[in-house]
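Read the structure below first, then the notes.
Naming convention: chains lettered A, B, ... in sequence-line order (proteins, then strands); numbering from 1 in each chain.
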Amino acid sequence: MDSAEFHAHVYRVVREIPAGRVTSYGHVAKLMGMPRHSRHVGQALKFLPPNTNVPWQRVISSSGTISSRGPGTNGADRQRQALEAEGVEVREGRTGELLVSLADYGWFPARLEGEEEAEEDSGGDDSEGAQI
DNA sequence: ATATTGACTCCCA
DNA sequence: ATGGGAGCCAATA
């Protein structure tokens, strides 16, 4: 698999994320069958053009926090706006970090819909990280 | 060619 | 609950 295909795969999975929901880089990587490529998922999103049909904003870190990517960049801010526009509540930590409640908005299906076994939610259960 | 970085995660202190 | 360190793999320097 080359990088182009990898990117395409990432985009395909990201497009499956329902509006008003968020997931983590690691989970996207998992859905691709490459659980260890969590970082490269974000990398691929970075390659996206400004006007794209890929809802990259629905992908955040596994802790429910939006990665800062640097104080001089506005990417995180744009992501917050996009999420709020979709109805996702974004809370702000005291250091200005953006947090999303995975317990409420997290989307972590075992496999893609129609792949094998479709199930979801029913209590959230997202392994961990959901500190109240 | 090797070294460093990064839109990450997990594990242990 | 928080914090620091190691693991990962492709892209960049």
Side-chain angles (χ1 to χ4, degrees):
Chain A
M1 153 172 319
D2 46 50
S3 59
E5 224 174 291
F6 180 83
H7 292 170
H9 207 150
V10 171
Y11 304 151
R12 198 190 78 190
V13 173
V14 172
R15 268 198 279 266
E16 294 303 313
I17 305 173
R21 292 291 185 83
V22 295
T23 191
S24 65
Y25 300 96
H27 200 85
V28 171
K30 243 176 226 179
L31 293 176
M32 300 171 65
M34 302 170 146
R36 304 302 194 236
H37 289 61
S38 47
R39 307 181 89 141
H40 310 283
V41 173
Q43 192 84 273
L45 295 179
K46 182 177 77 175
F47 278 75
L48 280 158
N51 29 11
T52 179
N53 49 352
V54 180
W56 60 274
Q57 56 266 20
R58 294 175 196 158
V59 184
I60 62 180
S61 74
S62 64
S63 306
T65 65
I66 297 175
S67 309
S68 316
R69 321 52 128 192
T73 56
N74 50 338
D77 193 39
R78 276 184 22 236
Q79 185 163 5
R80 170 160 58 106
Q81 292 182 54
L83 286 175
E84 286 180 334
E86 294 194 351
V88 176
E89 273 187 69
V90 179
R91 298 172 56 187
E92 189 175 333
R94 57 187 192 87
T95 64
E97 51 193 49
L98 302 155
L99 302 170
V100 176
S101 190
L102 292 179
D104 293 334
Y105 303 102
W107 180 77
F108 299 94
R111 301 297 294 184
L112 253 37
E113 295 177 8
E115 284 286 314
E116 201 171 309
E117 54 182 66
E119 65 78 40
E120 197 281 300
D121 65 270
S122 79
D125 87 81
D126 41 286
S127 11
E128 61 103 5
Q131 64 238 64
I132 313 158

Rounded to whole angstroms, how far apart are [atom1] on [X] and [atom2] on [N]?
{"X": "Leu99(A)", "N": "dA1(C)", "atom1": "CG", "atom2": "P", "answer": "14 Å"}
{"X": "His27(A)", "N": "dA7(B)", "atom1": "NE2", "atom2": "C1'", "answer": "18 Å"}
{"X": "Arg69(A)", "N": "dT5(B)", "atom1": "CZ", "atom2": "P", "answer": "20 Å"}

Between Trp107(A) and Val54(A), is there a shared hydrophobic cluster once you connect ILVMFWY residues whose side-chain heavy atoms come closer than 4.5 Å?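 Same hydrophobic cluster.
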Please answer: with hydrophobic residues joined when any side-chain heavy atoms are less than 4.5 Å apart, are Val88(A) and Leu99(A) in the same cluster?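 No, Val88(A) does not connect to Leu99(A) through the hydrophobic network.
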With a 4.0 Å cutoff (strictly under), does any side-chain N or O of Ser62(A) reach OP1 or OP2 of dC8(B)?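 For dC8(B), neither OP1 nor OP2 has a side-chain N or O of Ser62(A) closer than 4.0 Å.
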It should be established whether Ser63(A) places a side-chain nitrogen or oxygen under 4.0 Å from OP1 or OP2 of nucleotide dT9(B).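 Checking Ser63(A) against dT9(B): no side-chain N or O falls below 4.0 Å of OP1 or OP2.
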Could you label the plane-to-plane angle of the His40(A) and Phe6(A) rings as parallel, tilted or perpendicular, counting under 30° as parallel and over 60° as perpendicular?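 Taking Phe6(A) first and then His40(A), their aromatic rings stand perpendicular (interplane angle over 60°).
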Contacting residues from residues 77-84 of chain A, given that a heavy atom lies under 4.0 angstrom of DNA chain B: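 Residues of residues 77-84 of chain A that come under 4.0 Å of DNA chain B do not exist, since none gets that close.
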Please check this pair: side chain of [X] against backbone of [Y], looking for a donor-acceptor N/O pair closer than 3.5 Å.
{"X": "His27(A)", "Y": "Val59(A)", "result": "no"}
{"X": "Gln57(A)", "Y": "Gln79(A)", "result": "no"}
{"X": "Tyr11(A)", "Y": "Asn53(A)", "result": "no"}

For every nucleotide of nucleotides 7-13 of chain C, 5' to 3': is a protein heavy atom under 4.0 Å from its base (B), only from its sugar-phosphate (S), or from neither (-)? BBBBSS-
